[in-house]
Amino acid sequence: MTTAPASISTPTGTADEVRVRFCPSPTGTPHVGMVRTALFNWAHARHHGGKLIFRIEDTDAARDSEESYHQLLDAMRWLGIDWDEGVEVGGPDGPYRQSQRGDIYQDVIEKLKASGHIYESFSTAEEIVERHRAAGRDPQLGYDGYDRDLTDEQKAALRAEGREPTWRLRMPEEDITFTDMVRGEITFKHGTTPDFVVVRANGKPLYTLVNPIDDALMRITHVLRGEDILSSTPRQIALYRALIEIGVAQRMPEFGHLPYVMGEGNKKLSKRDPQADLFLYREQGFIPEGMVNYLSLLGWGYSADEDIFSRAQLVERFDASAVNPNPARVDLKKATAINADHIRLLPEAELAERLLPYLQAGGVLGEDVTEQQRALVAAATPLVQTRMNLLGEAPELMGFLFTADEDLEVQDDALKKLGDDPAAVLERAITEVEAISEDAFTAEALEPALRGAIVDDMGVKPRLAFGPLRSAISGRRISPPLFESMELLGKPSSLARLRSLHARLAAEG
RNA sequence: GCCCCCAUCGUCCAGUGGCCUAGGACACCGGCCUUUCACGCCGGCGACACGGGUUCGAAUCCCGUUGGGGGUACCA
């Protein structure tokens, strides 16, 4: 419809290179819905060998914060969502923070004014409603285009009243149709999208203006964003057309609107909802692999019968057109289960490393971790790997291995249902353990010795034979495997713990 | 009010006219394994919102109804 004007920016890459962007506003803490959008854009770029541009839309000084900006970077890096151009890394179309692009917008605004695509509007909201009423129209209809063809004299008169005009875009006199990557063809009927404000009375541009300008200048080819702005797409398309006509944009990008991420029930996940806060997941011990996997499942499926996959597999198969258009609800249980699968997939040494900060946070390890402690964590890791859904469970699971014998507290729960004579069981266990030499103190040696003595010889059922030992060793009713735990603790410590509980039970009679 | 989007098990995802007596996952319920708890394995429960079309044939296409959601700002 319009001829493509000469580019005003430096083209990079090939003409058909896929260029997508992630452009959040730095308000509040990273939200899982927003992160899912980033992830899908990233996957789309990587799948097509394209570029991801990371831009910050900080045009709202009142709500934006530097802290939030840093959290955004943190979130992206944690999940391994890397970008090719944008904040921190630079690129040919910077700066990448809108707050630093004022001059660029002013330049485009002047062109838009000169070309007549935008015009001054003096109408107040009240006046618009009043005109609708007077004409017998629905007062809830939006702006009526009243100022479209004001003469210079009229404008001067309005100004003389002390009015400061906003600038509105002249919407085209036709339906606006586009093919949404996830929803197919969508048409907004002519007349349902009024001329909208693009420049405030104070001269500051609005989101609806700067977002398409930046997309145009950064030569974005695919706009993948949340469903919440689906209905503002006709406005952006109209503006984009104007930008093409004045030579700022080269071509219309494709749009795709990702479904909402909902909380329980039918409520959109709100900012203050704990399920919405990405960092809360990290604190609990979600690992990036699990998080990326789960987030990908919110609106997309890897295959008909598998839903555990890696980042590489996501990239290999991701396709924006295969995204499901209906809203997805966050299911913490499923997210946790998927995380658990990824924990099990981790190499032991890797898991051990990742456990460290959680053990520190849980008070099991101090700020300085000794080589010995590190080695013990590594040795204990295979024991807990299949018993953990979240890394944050590590302190509870492994704490007893790092507790001094005299500090070990046997929980009440671990004192119940220990059989008829747990003291006798412990006494026998002590005898057996004493007989095993320190350099042969292994699970392989302990298991047959203790089983032979207590189960076979004393005739105690396995459950009741090992229950008291478990309580003595770990202080809890549920623990990692008993014999392996004893091996890790070593003979002196194991013996001390067995004796301690034995003495206590004997004293209590 | 007007505009737009959405509609398969409790939840997420498969399904793009016949392979569907609708598949997988999580959750749930049984069972096996077993020194506890897990892991693993086996089995069970459980859905095409409704009504009309189109078609030899519809979860799949069309229309309507109902129900959800979003927009309608000098927010993004």
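Small disclaimer: the values here were computed from a predicted structure and weren't measured.
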Asker: Just list the side-chain donor-acceptor pairs under 3.5 Å for residues 22-29 of chain A, sequence neighbours left out, or say none.
Answerer:
residue: Ser25(A); atom: OG; partner: Glu57(A); partner atom: O; Å: 3.1
residue: Thr29(A); atom: OG1; partner: Asp277(A); partner atom: OD1; Å: 3.4

Asker: Scan nucleotides 28-35 of chain B against the protein and return all N/O pairs shorter than 3.5 Å with their distances rounded to 0.1 Å.
Answerer:
residue: rU35(B); atom: OP1; partner: Arg451(A); partner atom: NH1; Å: 3.4
residue: rU35(B); atom: OP1; partner: Arg451(A); partner atom: NH2; Å: 2.5
residue: rU35(B); atom: O2'; partner: Arg470(A); partner atom: NH2; Å: 3.3
residue: rU35(B); atom: O2; partner: Arg470(A); partner atom: NH2; Å: 2.4

Asker: Suppose we screen for salt bridge (Lys or Arg N to Asp or Glu O under 4.0 Å). Which residues come up paired with Glu66(A), at least two apart in sequence or across chains?
Answerer: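 Listed in chain order: Arg97(A).
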Asker: Does a side-chain N or O of Asn326(A) approach OP1 or OP2 of rC12(B) to a distance below 4.0 Å, or not?
Answerer: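 For rC12(B), neither OP1 nor OP2 has a side-chain N or O of Asn326(A) closer than 4.0 Å.
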Asker: Give me, pair by pair, the N or O atoms of the protein and of nucleotides 73-76 of chain B that are less than 3.5 Å apart, along with how far apart they are.
Answerer:
residue: rC74(B); atom: O2; partner: Ala201(A); partner atom: N; Å: 3.1
residue: rC75(B); atom: OP2; partner: Arg200(A); partner atom: NE; Å: 2.7
residue: rC75(B); atom: OP2; partner: Arg200(A); partner atom: NH2; Å: 2.7
residue: rC75(B); atom: O2'; partner: Asp60(A); partner atom: OD2; Å: 3.1
residue: rC75(B); atom: O2'; partner: Arg63(A); partner atom: NH1; Å: 3.1
residue: rA76(B); atom: OP1; partner: Thr59(A); partner atom: OG1; Å: 3.2
residue: rA76(B); atom: OP2; partner: Tyr207(A); partner atom: N; Å: 3.0
residue: rA76(B); atom: O3'; partner: Ser25(A); partner atom: OG; Å: 2.8
residue: rA76(B); atom: O2'; partner: Ser25(A); partner atom: OG; Å: 3.0

Asker: Could you please name the option among rC6(B), rG70(B), rC4(B) that lies closest to any side-chain atom of Tyr260(A)?
Answerer: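 That would be rG70(B).
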Asker: Before you tell me yes or no, could you show the steps for Arg131(A) and Glu126(A) under salt bridge (Lys or Arg N to Asp or Glu O under 4.0 Å), namely the whole-Å CA-CA distance, both residues' side-chain angles and the distance that decides it to 0.1 Å?
Answerer: CA-CA 9 Å; Arg131(A) 285 197 295 265; Glu126(A) 298 72 39; over 6 Å; no
Asker: What I want to find out is whether Asp413(A) reaches Arg476(A) closely enough, with some N-O distance under 4.0 Å, to be called a salt bridge.
Answerer: no
Asker: Salt bridge (charged side-chain N to carboxylate O under 4.0 Å, His left out): which pairs involve residues 340-349 of chain A, sequence neighbours left out?
Answerer: Asp341(A)-Arg344(A)
Asker: Dump the pairs, protein N or O against N or O of nucleotides 38-49 of chain B, anything under 3.5 Å, distances to one decimal.
Answerer:
residue: rA38(B); atom: O2'; partner: Thr386(A); partner atom: O; Å: 2.3

Asker: Any donor-acceptor pair under 3.5 Å joining the side chain of Lys334(A) to the base of rA25(B)?
Answerer: yes
Asker: Would you mind pulling out the nucleotide paired to rU72(B), Watson-Crick or G-U wobble, both distances under 3.5 Å?
Answerer: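 Across all strands, the one nucleotide that pairs with rU72(B) is rG1(B).
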Asker: Asn324(A) side chain N/O closer than 4.0 Å to the phosphate oxygens (OP1, OP2) of rU8(B)?
Answerer: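 So the side-chain polar atoms of Asn324(A) never come under 4.0 Å of the phosphate oxygens OP1 or OP2 of rU8(B).
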Asker: Is the Phe40(A) ring parallel, tilted or perpendicular to the Phe318(A) ring (thresholds 30°, 60°)?
Answerer: tilted
Asker: Of the options rG1(B), rC26(B), rC5(B), whose atoms approach the side-chain atoms of Ala337(A) most closely?
Answerer: rC26(B)
Asker: With side-chain contact (heavy atoms from CB on, under 4.5 Å) as the criterion, how do Leu464(A) and Val425(A) come out once you've worked through the C-alpha distance, each side chain's angles and the decisive distance to 0.1 Å?
Answerer: CA-CA 9 Å; Leu464(A) 297 177; Val425(A) 167; over 6 Å; no
Asker: Under 4.0 Å between a side-chain nitrogen and a carboxylate oxygen: does that hold for Asp456(A) and Arg451(A)?
Answerer: no
Asker: According to the interplanar angle, ranging from 0 to 90°, do the rings of His257(A) and Phe255(A) count as parallel (below 30°), tilted (30 to 60°) or perpendicular (above 60°)?
Answerer: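 His257(A) and Phe255(A): parallel rings.
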Asker: Let's test this: given Watson-Crick or G-U wobble pairing with both distances under 3.5 Å, identify the partner of rG43(B).
Answerer: rC29(B)
